[in-house]
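The structure follows.
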Protein chains: 2
Amino acid sequence: MKLDSAGLQILSRQECVALLVSASIGRIVFTDRALPAVQPVNFVLDDEDIVIRTGLGSKLAAAASDAIVAFEADEFDHSTRTGWSVTAVGPARAVREPGEIERLSTLPLHPWAPGDHGHYIVVRAEQITGRRLSRRHDAREN
Amino acid sequence: MKLDSAGLQILSRQECVALLVSASIGRIVFTDRALPAVQPVNFVLDDEDIVIRTGLGSKLAAAASDAIVAFEADEFDHSTRTGWSVTAVGPARAVREPGEIERLSTLPLHPWAPGDHGHYIVVRAEQITGRRLSRRHDAREN
């Protein structure tokens, strides 16, 4: 088990992808008028690409197309103070090709929010990093 | 109830602050070597400032000091597909004054991760925005 300088377990790319498959909500991180911006989204993995849906006129659609973005998902258990987080960084692109839109529309990706979500954004996860926070005192308790 | 263009309920600053008080994990969004970066942290509110602890040599300490950052917390219920998110944007500063460090050390902020966390970062929430996703079909069901 590899630990980082903060004592957190470093996850492999394979472990990160498996955790992303298990999650349905993440947060896309982008720049909006030169300020850091973050928005929760539901998503699905398509191979190792992150696929989200949004409205064509949304701030997210405008800011996250053809930009480098980060995408984060995590899960923490407050009672045990354990959990994991995975962050992907890579280029986001708006999907415009009708054949690709048709294919993506068959994915199990159903927006939680009301309103128009006909616009697909795909984030290529060029870098994926992940950390797991395990119980601190396991060794002492055993 | 005010809705945004995506049909989500717009929360007041007061509602956002109350939700942040109820949360203990958030995500700090910053820029790391010109790329968007995001890291989960546990936090506490000090009046309306967001207080986090980190190691002095951490990437977060280096990148989030004297920079404009975003801070996001959220909570979603997968079974009902409802939830909320709050995002604060403002300047982050490293706390260096011993009196302030002493005062902050009395706050109920106990790092989940192992390792050194003697370094305090305070984010002034100049802008706070929040959204709530309620059940879509309430009106129809009543």
Side-chain angles (χ1 to χ4, degrees), chain A residues 3-8 23-32 34-42 54-55 57-60 64 67-78 80-85 87-90 110-117 126-127 129 131 133-134 136-137, chain B residues 3-8 23-32 34-42 54-55 57-60 64 67-78 80-85 87-90 110-117 126-127 129 131 133-134 136-137:
Chain A
L3 301 180
D4 71 7
S5 62
L8 303 178
S24 56
I25 287 273
R27 295 142 204 105
I28 192 155
V29 170
F30 55 102
T31 300
D32 180 36
L35 288 176
V38 48
Q39 187 176 315
V41 287
N42 61 320
T54 184
S58 69
K59 190 159 73 173
L60 182 60
I68 303 289
V69 304
F71 180 83
E72 191 261 3
D74 60 41
E75 200 174 294
F76 292 98
D77 181 325
H78 292 253
T80 57
R81 297 189 152 210
T82 58
W84 59 265
S85 73
T87 302
V89 176
H110 309 291
W112 290 21
D116 164 44
H117 286 83
E126 287 189 342
Q127 278 181 34
T129 54
R131 295 290 185 273
L133 176 58
S134 304
R136 298 168 72 167
H137 305 300
Chain B
L3 300 180
D4 71 7
S5 62
L8 303 178
S24 56
I25 287 274
R27 295 141 204 104
I28 193 155
V29 170
F30 55 102
T31 301
D32 180 36
L35 287 176
V38 49
Q39 188 176 315
V41 288
N42 62 321
T54 184
S58 69
K59 191 159 70 170
L60 182 60
I68 302 289
V69 303
F71 180 83
E72 191 262 3
D74 60 42
E75 200 174 293
F76 292 97
D77 180 326
H78 292 252
T80 57
R81 297 190 152 210
T82 58
W84 59 265
S85 73
T87 302
V89 177
H110 308 291
W112 289 21
D116 164 43
H117 286 84
E126 287 190 342
Q127 277 180 34
T129 53
R131 295 290 185 272
L133 176 58
S134 304
R136 298 168 71 167
H137 304 301

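Letters A, B, ... are given to chains in the order of the sequence lines, protein chains preceding strands, and every chain is numbered from 1. Just so it is clear, the values below take in all heavy atoms, side chains as well, and ignore hydrogens, waters and symmetry mates.
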- Task: Select one option (side chain, backbone, both, neither) describing which atoms of A:Val29 are under 4.5 Å from chain B's heavy atoms.
- Result: both

- Does the side chain of B:Pro36 come within less than 4.5 Å of A:Ile68's, by heavy atoms?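 Heavy-atom side-chain distance check passes, below 4.5 Å.
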
- Query: With a 4.5 Å heavy-atom cut-off, do B:Pro40 and A:Glu72 have their side chains touching?
  - Reply: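 In short, these two side chains touch, coming nearer than 4.5 Å.
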
- Query: Does any heavy atom of chain B fall under 4.5 Å from the side chain of A:Leu35, the backbone, both, or neither of them?
  - Reply: side chain

- Task: Identify the two heavy atoms, one from A:Leu133 and one from B:Pro114, that lie closest to each other, and give their separation to 0.1 Å.
- Result: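 Heavy-atom minimum between the residues: CD1-CD, 3.9 Å.
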
- Query: Can you say whether B:Ser5 sits under 4.5 Å from chain A via the side chain, the backbone, both, or neither, judging by heavy atoms?
  - Reply: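 It is neither, since no heavy atom gets under 4.5 Å.
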
- Task: Pick one of side chain, backbone, both or neither for B:Arg27, based on which atoms fall under 4.5 Å of a heavy atom in chain A.
- Result: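 For B:Arg27, side-chain heavy atoms alone lie under 4.5 Å from chain A.
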
- Task: Not counting sequence neighbours, which residues clear salt bridge (Lys or Arg N to Asp or Glu O under 4.0 Å) with B:Glu75? List them please.
- Result: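 For B:Glu75, no residue satisfies salt bridge (Lys or Arg N to Asp or Glu O under 4.0 Å) once neighbours in sequence are set aside.
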
- Query: Excluding sequence neighbours, so at least two apart, what forms side-chain contact (heavy atoms from CB on, under 4.5 Å) with B:His78?
  - Reply: A:Ser24, A:Ile25, A:Trp112

- Query: Among B:His110, B:His117, B:Arg131, who wins on heavy-atom pairs under 4.5 Å with chain A?
  - Reply: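 Between B:His110, B:His117, B:Arg131, the count favours B:His110.
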
